Amino acid sequence: MPDEVVLSMRGIYKTFPGVRALQDVDFTLRKGEIHALMGENGAGKSTLIKVLTGVYTKDAGQITMAGSTKAIAIKSPQEAQNLGISTVYQEITLCPNLTVAENMFIGRGKYSFVNWRAMEKKTKKILNNLNIPARPKQQLASCSLAVQQMVAIARAVDMDCKVLILDEPTSSLDEQEVTKLFSLMLDLRSRGVGIIFVTHFVEQVYAVCDRITVLRNGGLVGEYEVKNLPLVELVAKMIGKELDDLSELHTKNISPSDTDGAPVYEAVGLASTAGVRPFDFKIHKGEVNGFIGLLGSGRSESVRAIFGADRIIGGKVKMDGEPAKIAKPIQAMKHGIGYLSEDRKVDGVIENLSVRDNVILARQVMKGFFRPFSKAEAEAFADEYIKLLEIKTASTDTPVGSLSGGNQQKVILARWLLTHPEYLILDEPTRGIDIGTKVDIQKLVLKLADEGMAITFISSEIDEMVRTCSRLIVMRDRNIVGELKGDEVTQDNIMHTIAGEAV
């Protein structure tokens, strides 16, 4: 069964204005296998998937299914679904204003009449079988991001698919949910479903995948059996060069005990309507610290309170030793605080605006919209940071929504660096982006700290936090349960502290 071809793509080309996204790419998926599609952001992975699912029309090449020699033309996602190709994208594409049951079955009925009772009954059965903590009548918006992702996966699985495409499905899931998803994937593989798995977590590839296809700069590097491709070789093939050992990338910034003078930012008893318990926090010039904990621990809620993104209900704040009122983001910005949100789609990029307009947005807000920058000034700002952060874009006029996820993230980072913040908060800045860009961002964080900027860094990847931070605030159930600094910042100590065990 694993040798039976269920999908074949040959000689695929796709070009956008100024960018050749795919060039002579081949891809083969066999029945009953999990096939990883790997590459840096901008390598062509998402474009290849969108060609396969009818979102984009290929310029050249052919697609065949189930071993047939007859080429097929997939003109829309609905046609792809009718052919047995189901997709779960990295960014959740469900309707948050509808119920879980409605999201499960929207667009699948053939008649105008809806049997609500039967739909909800079947939804309940699916949710129970997959152990998803949601109710059929529950509005999707009330579910956590992780549960919304699981509902999207359940919807795709419930359709009688021959090809299941999972585009970064684990980016919002905790360890237990990832394990649950892997069990489901392995079960589907045993029943003959071919799975295309796109992820930036290379360890996950080696946990569940049979084969790997690597793309780079829109071209095919090769197809490999997982068992014959060591991790170091995979990384080298993805980035086209030898990658510095990440274990050598460590923070060199000062620890709080070595600092003189007042902290850059200090809060006592800070609390917000997001439910995080009142907490004390401070950070010094040149320090990289982080909030760490499991999904839902309160990491993001804590930094949102610092930035005034949620309504503040208690606490006192000082900036550079002087009392400061920070109850709104604009007040935080004027006090020299920048904030990159964990959800770049909702709180970050404005997809229809150009790269240039996205870069200058925060600086323009601080200046005032009735005092706009000239086009020449805006162009100069954008050019400076495109070069500094090596943002891959055809021009400053390119809509930011057409860039890869990693380059979108760099655009948001450029936006905040342009405000020249004294204190920068980065919440999941490397989520869903490639290994090379992750290293670039981590190196930039340490460089900024060396230059004196205070930085709070949050990542779901513990090893990334260990490499980047000199001090960690450990959280559980929206409460601070410990603090690690210096040589105490290790994976073992983090896990023990999260679990409530003495270090």
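Nothing here was measured: the structure is a model prediction, and the numbers come from that model. We count residues from 1, following the sequence as given.
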Under the side-chain contact (heavy atoms from CB on, under 4.5 Å) test against [X], which residue among [options] passes?
X      : options                : value
Cys143 : Val151, Asn103, Val100 : Val100
Met38  : Thr213, Val221, Leu234 : Leu234
Ile462 : Leu472, Thr490, Ile292 : Ile292

Over all atoms of both residues, closest heavy-atom pair of [X] and [Y]:
X      : Y      : value
Lys410 : Ile391 : CB-CG1, 3.7 Å
Val88  : Ala152 : CG2-O, 3.5 Å
Ala382 : Thr396 : CB-CG2, 3.9 Å
Ala154 : Ile132 : CB-CD1, 3.9 Å
Glu301 : Ala274 : CG-CB, 3.8 Å
Gln204 : Val178 : NE2-CG1, 4.1 Å

Exercise. After noting the C-alpha distance and the side-chain angles of Val489 and Arg471, does the key distance pass the side-chain contact (heavy atoms from CB on, under 4.5 Å) rule?
Worked result: CA-CA 7 Å; Val489 179; Arg471 182 167 63 98; 5.8 Å; no
Exercise. Quick one: ring pair (Phe, Tyr, Trp, His ring centres under 6.0 Å) pairs with a partner in residues 390-416, sequence neighbours left out?
Worked result: Phe307-Trp416
Any donor and acceptor pair, going by atom type alone, linking the side chain of [X] with main-chain N or O of [Y] inside 3.5 Å?
X      : Y      : value
Gln364 : Arg371 : yes
Asp397 : Ser354 : no
Glu233 : Pro230 : no
Lys392 : Asn407 : no
Gln409 : Pro429 : yes
Arg476 : Ile498 : yes
Gln408 : Leu403 : yes
Ser183 : Thr179 : yes
Asp280 : Gly269 : yes

For this session: Fit a plane to each ring of Phe281 and Phe291, take the angle between them on a 0 to 90° scale, and name the class: parallel (under 30°), tilted (30 to 60°) or perpendicular (over 60°).
Result: tilted
For this session: Indicate the ring-plane relationship of His35 and Phe27, choosing parallel, tilted or perpendicular according to the 30° and 60° boundaries.
Result: tilted
Quick one: does [X]'s side chain get under 4.5 Å of [Y]'s, heavy atoms only?
X      : Y      : value
Asp210 : Arg189 : yes
Val276 : Asp310 : no
Ile212 : Lys237 : no
Val317 : Lys325 : no
Pro329 : Tyr339 : no
Ser272 : Arg304 : no
Leu229 : Tyr206 : yes
Glu464 : Thr430 : yes

Using a cut-off of 6.0 Å, state whether more than 12 heavy atoms not belonging to [X] lie near its atom [atom1].
X      : atom1 : value
Glu390 : CD    : no
Arg277 : CZ    : yes
Lys316 : NZ    : no
Asp487 : CG    : no

Quick test of your reading of the model: are [X] and [Y] salt-bridged, counting only N-O distances below 4.0 Å?
X      : Y      : result
Asp383 : Lys387 : no
Glu33  : Arg211 : yes
Glu451 : Lys447 : yes
Lys485 : Glu287 : no

Exercise. Hey, mind stepping through Tyr265 and Ile425 against side-chain contact (heavy atoms from CB on, under 4.5 Å) and telling me if it holds?
Worked result: CA-CA 12 Å; Tyr265 173 93; Ile425 301 168; over 6 Å; no
Exercise. Going through the distances and angles, do Ile34 and Cys209 end up as a side-chain contact (heavy atoms from CB on, under 4.5 Å)?
Worked result: CA-CA 5 Å; Ile34 302 175; Cys209 293; 3.7 Å; yes
With rounding to the nearest 0.5 angstrom, report the [atom1] to [atom2] distance, [X] to [Y].
X      : Y      : atom1 : atom2 : answer
Ile337 : Gln331 : CD1   : CD    : 10.5 Å
Met475 : Arg299 : CE    : CZ    : 10.0 Å
Leu186 : Leu188 : CG    : CG    : 9.0 Å
Leu22  : Asn217 : CG    : CG    : 11.5 Å
Lys328 : Ile312 : NZ    : CD1   : 12.0 Å
His284 : Glu266 : NE2   : CD    : 8.0 Å

Exercise. Do Ser341 and Asp427 have a side chain donor and acceptor closer than 3.5 Å?
Worked result: no
Exercise. Who passes side chain to side chain contact (heavy atoms under 4.5 Å, CB included) against Asn352, sequence neighbours left out?
Worked result: none
Problem set entry | Pair Ile360-Leu418, side-chain contact (heavy atoms from CB on, under 4.5 Å): steps then yes or no | CA-CA 7 Å; Ile360 69 167; Leu418 183 58; 4.2 Å; yes
